[in-house]
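Right, one structure below, let's go through it.
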Number of protein chains: 2
Amino acid sequence: MVNRRDEVVDAAERILEHEGPDAVTMRRLADELRIQAPSLYKHIAGKTEIEAALQQRALQRLGAVLAGASADLATLVAAYRRWALEHPRLYELSARHSLDRPRLASGVEAAAAAPLLKVTGGNIAAARAIWGLAHGLVDLELANRFPPNADLDAAWAHAINAFAIYCTPQPEGSP
Amino acid sequence: MVNRRDEVVDAAERILEHEGPDAVTMRRLADELRIQAPSLYKHIAGKTEIEAALQQRALQRLGAVLAGASADLATLVAAYRRWALEHPRLYELSARHSLDRPRLASGVEAAAAAPLLKVTGGNIAAARAIWGLAHGLVDLELANRFPPNADLDAAWAHAINAFAIYCTPQPEGSP
DNA sequence: TTGCCGAGGCTAACGTTGTTAGCCTACGGT
DNA sequence: ACCGTAGGCTAACAACGTTAGCCTCGGCAA
């Protein structure tokens, strides 16, 4: 028998995916498990714990996708964007909640960051800049901040082009 | 006498600033105006309208700051970052809610974007990439996604350096 | 076999949230 | 002098997360 706590998180993810964040309610969640809402608290401390668990899942999955895709900068950020657009609610949930590192399983954060570091040749500041760039473009896109007809592919292309100096094997281009 | 609706939005901004987003409650808001909560609905349609109004304010203020600061890319993004860190709650609120353009006063969006466009010499795709970069770095910083000891100044420096090719007067560096 | 004890369900209820319905009052214009 | 409306009020609702307290069943020890 699987851990009941995991079943709760599974159900939360299912509801989030299919019905959106507002539908992820303790009562709706309990319904999904054919249970009454207060019984959920036998398995989890509260809603924030569920959200933290989903956040961790998102981090792990995105990290895995990036690890599989990391050849060069272009394919890496393309993978980032694709995953976020394919799982927008999970991405948003994970991005909008601030990380409480203590609760996070160890290594998750580092694993997610590794592919970025690899592509910058270990330059951690450049990796963070690229991370910010990818997250920012995705976040603005998900939040409907670009005009409907905006050519976002072009924006991504420029972004990749700008950071190419950090990723092609090139001796010194840093401040 | 000023518009009562504006007073409601003013109060909301005040509470948001001093007590955080969770404190922005219809009842708390009514208290601030020495009124009962239901009376608020004589002046505004609902909470979402307040949030939209705050979002618009944020956009206008940030746009104004950027317009005043735009000399080169470095000072522009520095101004962006500074404003966001000085008004984190307003920034978050404005970033996390998707724009409903119909409600937005016309010109606000374009005015906020203008300084960025100026610095890229009219290259709109590059301007969007830079916007994404600045927003992403700020958002990750506000969401506590970087380790506490991270050297974010270095990340910003790399970001600026990467995009310098689009901003220094330089004929052709685009894909 | 008996006894018990904890895991995991249940109902009832609480406080807080946004919001609606409906009433009342005072003031400004005809 | 009237009347309508702007703008306040109280009462109340549904939905939310959460707590308290009870019951039941299954497995294990004596």
Side-chain angles (χ1 to χ4, degrees), chain A residues 1-58 89-90 92-94 96-100 102-103, chain B residues 1-58 89-90 92-94 96-100 102-103:
Chain A
M1 185 192 85
V2 293
N3 192 349
R4 202 78 218 262
R5 199 195 100 116
D6 290 345
E7 293 185 332
V8 173
V9 180
D10 288 345
E13 184 183 340
R14 227 154 37 221
I15 297 171
L16 176 67
E17 181 94 12
H18 295 112
E19 306 172 35
D22 290 351
V24 182
T25 286
M26 297 306 270
R27 287 171 175 83
R28 174 76 188 78
L29 197 42
D31 269 11
E32 187 82 3
L33 298 169
R34 300 172 194 289
I35 267 180
Q36 295 299 316
S39 299
L40 290 170
Y41 293 82
K42 299 290 181 174
H43 308 104
I44 41 148
K47 201 186 184 186
T48 60
E49 186 182 328
I50 299 179
E51 293 163 342
L54 288 176
Q55 188 185 38
Q56 173 166 322
R57 282 191 182 187
R89 335 242 211 193
L90 194 55
E92 286 200 6
L93 182 142
S94 93
R96 279 165 179 18
H97 287 70
S98 86
L99 261 195
D100 57 341
R103 179 132 60 178
Chain B
M1 185 192 84
V2 293
N3 192 348
R4 203 77 221 260
R5 197 196 100 117
D6 290 345
E7 293 185 332
V8 173
V9 180
D10 287 345
E13 184 182 342
R14 225 153 38 221
I15 298 171
L16 176 68
E17 182 94 10
H18 296 111
E19 306 172 35
D22 290 350
V24 183
T25 285
M26 297 306 271
R27 286 171 176 81
R28 174 76 189 79
L29 198 42
D31 268 10
E32 187 82 3
L33 298 168
R34 302 171 193 288
I35 268 178
Q36 295 300 315
S39 300
L40 291 170
Y41 292 83
K42 299 289 181 173
H43 308 103
I44 42 148
K47 203 186 184 187
T48 60
E49 186 182 328
I50 299 179
E51 292 163 342
L54 288 177
Q55 187 184 40
Q56 173 167 322
R57 282 192 183 186
R89 335 242 212 192
L90 195 55
E92 287 199 6
L93 181 142
S94 93
R96 280 167 179 16
H97 287 70
S98 87
L99 262 195
D100 57 339
R103 180 133 60 178

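Within every chain, numbering begins at 1; the chains are lettered A, B, ... in the order of the sequence lines, protein sequences first and strands thereafter. Values in this document were obtained by computation on a predicted structure and should not be read as measured data.
Y41(A) has its OH atom 16 Å from the C1' atom of dG21(D), to the nearest Å. Atom pair K42(A):NZ and dT24(D):C1' shows a separation of 12 Å (rounding to whole Å applied). The CD atom of E49(B) sits 15 Å away from the P atom of dG18(C) (whole-angstrom rounding). The separation between I44(A) atom CD1 and dG8(C) atom P is 13 Å, rounded to whole Å. In this structure, the CG atom of L29(B) is 16 Å from the C1' atom of dG8(D), given to the nearest Å. Following rounding to the nearest Å, Q36(A) (CD) and dT18(D) (P) show an atom-to-atom distance of 17 Å. In this structure, CG of N3(A) is placed 13 Å from C1' of dA7(C), rounded to the nearest angstrom. The CG atom of L40(B) sits 10 Å away from the P atom of dG18(C) (whole-angstrom rounding).
Within the structure, every side-chain polar atom (N or O) of H43(B) is placed at least 4.0 Å from both OP1 and OP2 of dA6(D). Between dC10(C) and S39(A), a contact under 4.0 Å exists linking OP1 or OP2 to a side-chain N or O. Phosphate contact (OP1/OP2 of dG9(C), side-chain N/O of R4(A), threshold under 4.0 Å): present.
Under the salt bridge (Lys or Arg N to Asp or Glu O under 4.0 Å) criterion, R89(A) pairs with no residue, sequence neighbours left out. Residues passing the salt bridge (Lys or Arg N to Asp or Glu O under 4.0 Å) test with D31(B), sequence neighbours excluded: none. Remark: E92(B) pairs with R96(B), L142(B) by the side chain to side chain contact (heavy atoms under 4.5 Å, CB included) rule, at least two apart or across chains. Under the side-chain hydrogen bond (donor to acceptor under 3.5 Å, both in side chains) criterion, E51(A) pairs with H97(A), sequence neighbours left out. R14(B) pairs by the salt bridge (Lys or Arg N to Asp or Glu O under 4.0 Å) definition with E32(B), not counting sequence neighbours. By the salt bridge (Lys or Arg N to Asp or Glu O under 4.0 Å) test, D6(B) is found to be paired with no residue, residues two or more places apart in sequence or in another chain being considered.
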Please list, pair by pair, any protein nitrogen or oxygen found under 3.5 Å from a nitrogen or oxygen in nucleotides 12-17 of chain C.
from: dT17(C); atom 1: OP1; to: T25(B); atom 2: OG1; distance (Å): 3.4

Write down the protein N/O and nucleotide N/O pairs, taken from nucleotides 24-26 of chain C, whose separation is under 3.5 Å; answer none if there are no such pairs.
none

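Separating the CG atom in L93(B) from the CG atom in L54(B) is a distance of 5.5 Å, to the nearest 0.5 Å.
Taking every heavy atom of residues 11-20 of chain A and every atom of DNA chain D, no pair lies under 4.0 Å.
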Per-pair distances, 0.1 Å, donor-acceptor, side chain in residues 19-27 of chain B, under 3.5 Å, sequence neighbours excluded:
from: E19(B); atom 1: OE1; to: R28(B); atom 2: NE; distance (Å): 3.2
from: E19(B); atom 1: OE2; to: R28(B); atom 2: NH2; distance (Å): 2.6

D10(A) vs R57(A), side chain to side chain contact (heavy atoms under 4.5 Å, CB included): CA-CA, chis, key distance, verdict: CA-CA 10 Å; D10(A) 288 345; R57(A) 282 191 182 187; 2.6 Å; yes

Derivation of the side chain to side chain contact (heavy atoms under 4.5 Å, CB included) call for V9(A) and Q56(A): CA-CA 11 Å; V9(A) 180; Q56(A) 173 166 322; over 6 Å; no

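Contacts classified as side chain to side chain donor-acceptor pair (under 3.5 Å) and involving residues 39-49 of chain B (residues at least two apart or in different chains) are given here: R5(B)-E49(B).
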